[in-house]
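Read the numbers this way: they start at 1 and go in the same order the structure lists the ligands and their atoms. What you see is a predicted model, and the numbers here were worked out from it, not measured in a lab.
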Amino acid sequence: MKRILVTGGTGFIGSHTVVELLQAGDYEVDIVDNLANSKETVIDDIEKITGKRPNFYKQDLLEEDKLRDLFRERDYESVIHFAGLKAVGESVEKPLEYYENNLLSTLNILKCMKEFGTNRMVFSSSATVYGDRDNVALTEDMQTGIGITNPYGRTKFMIEEILKDFCVSDNTKQAVILRYFNPIGNHESGLIGEDPNGIPNNLMPIIMRVSQGRIPELSVYGDDYDTPDGTCIRDYIHVVDLAKGHLAALEKTEGAGVFIYNLGTGKGTSVKEMIIAFEEASGKALPHKIAARRAGDLPAIFANVSKAENELGWKATHTVADAMRDTIKFLNKE
Ligand code: UD1
């Protein structure tokens, strides 16, 4: 059994990855999470799905001594690092909080990895590191860091650079950087899913709250873009596919150094198509209106996924319709 530390393991992508790790059978999972944007009951739901209970440590990664104690005691084979603040708008208002939290927590983990001989980190990065690019399939070798519009995005870029320096300095370390496109959906059991504390920012959680009547209507941010239906196009990936990408990264990446993979589907879907897909899955109309463009939005963003396919033997298999079906199950959980 390989013992893995999963930071942010009660969050949306983290919890789905923990499920895949436990179901694979080869991993013992320790979760560290401060529950800033999740709930402890997720641990019970993970146990219901897998029949196994991950070890849970409610602690903050900024508490360096506590983290060191954990590394000393638990001797991790790898770390999968999800934890971080991720609200784009909030990051513009509170840049110092974002830099402090996201950067220092990562540095604390890397220091522990160095001290206690943990050689691999799989890091949750984002397509946002590609910055201001449009309507081209994004490939991992493209330059990053130019035209990022917010501190959240810059923390992802900066952490990627830190990981590169870390691996240059120590030839026993491996960093696998996974650049996520837009994760949606949830586990087919409907037991876990995306349930942010506070007001959501991303399209899917907003659609979910509109359908529950908790938000009156969805504002579609612009329908006058240069796209077939005028609304923005994104590469929406089912979170279970994304979670399986982490397993592929753990299993297929060998040797020291930095490995970077896009995790997307390679296919774009517009906001209007997302609304229609949700309406088809739920069987009812989703109240929405056309609103002004949101600052910083790019018309079309999607991945080239050949590298992950060729090197990790991984490919997304779920469709947007699958994600919508699973979302409805999660909405009906209670
Ligand atoms: C956003 C962030 C990105 C971050 C990602 C994951 C911006 C500009 N980008 O990506 O840095 O990595 O989330 O957290 O914020 N939309 C609406 N109405 C809404 C909400 C969204 O029409 O109420 C549209 C947006 O214009 C966009 C699409 O839905 O076209 C997806 O939006 P969102 O879920 O916020 O993701 P991104 O903008 O792709």
Flag Leu203 as yes when one of its N or O atoms lies below 3.5 Å from any N or O atom of ligand 1, and as no otherwise. yes
When distances are taken from atom 9 (N) of ligand 1, the protein heavy atom at minimum range is Val88 CG2, 4.1 Å
Parallel, tilted or perpendicular: which describes the rings of Phe116 and Phe71, with under 30° parallel and over 60° perpendicular? parallel
Please compare Asn202, Thr128, Asn182, Val92 and report which has the shortest non-hydrogen distance to atom 5 (C) of ligand 1. Asn202
Check salt bridge (Lys or Arg N to Asp or Glu O under 4.0 Å) between Lys315 and all other residues, then give those that pass, not counting sequence neighbours. none
Determine whether the aromatic ring centres of Phe82 and His246 lie less than 6.0 Å apart. yes
Applying salt bridge (Lys or Arg N to Asp or Glu O under 4.0 Å) to Lys48 and Asp45, what does each step give before you reach the verdict? CA-CA 5 Å; Lys48 274 185 216 154; Asp45 294 324; 3.4 Å; yes
Can we say Arg3 and Glu77 salt-bridge, meaning some charged N sits less than 4.0 Å from an Asp/Glu carboxylate O? no
The atoms of ligand 1 lying under 4.0 Å from a heavy atom of Val220, numbered in the order shown, are 22 (O)
Out of Tyr236, Phe181, Tyr225, the nearest non-hydrogen contact to atom 31 (C) of ligand 1 is supplied by Tyr236
Between Glu309 and Lys252, is there a side-chain N and carboxylate O pair less than 4.0 Å apart? no
Only heavy atoms of Leu218, strictly under 4.0 Å: list the atoms of ligand 1 that pass. 18 (N), 19 (C), 23 (O)
Using a 3.5 Å cut-off on N or O atoms only, is Thr149 in polar contact with ligand 1? no
State if Ser219 counts as touching ligand 1 under the rule of any non-hydrogen atom under 4.0 Å. yes
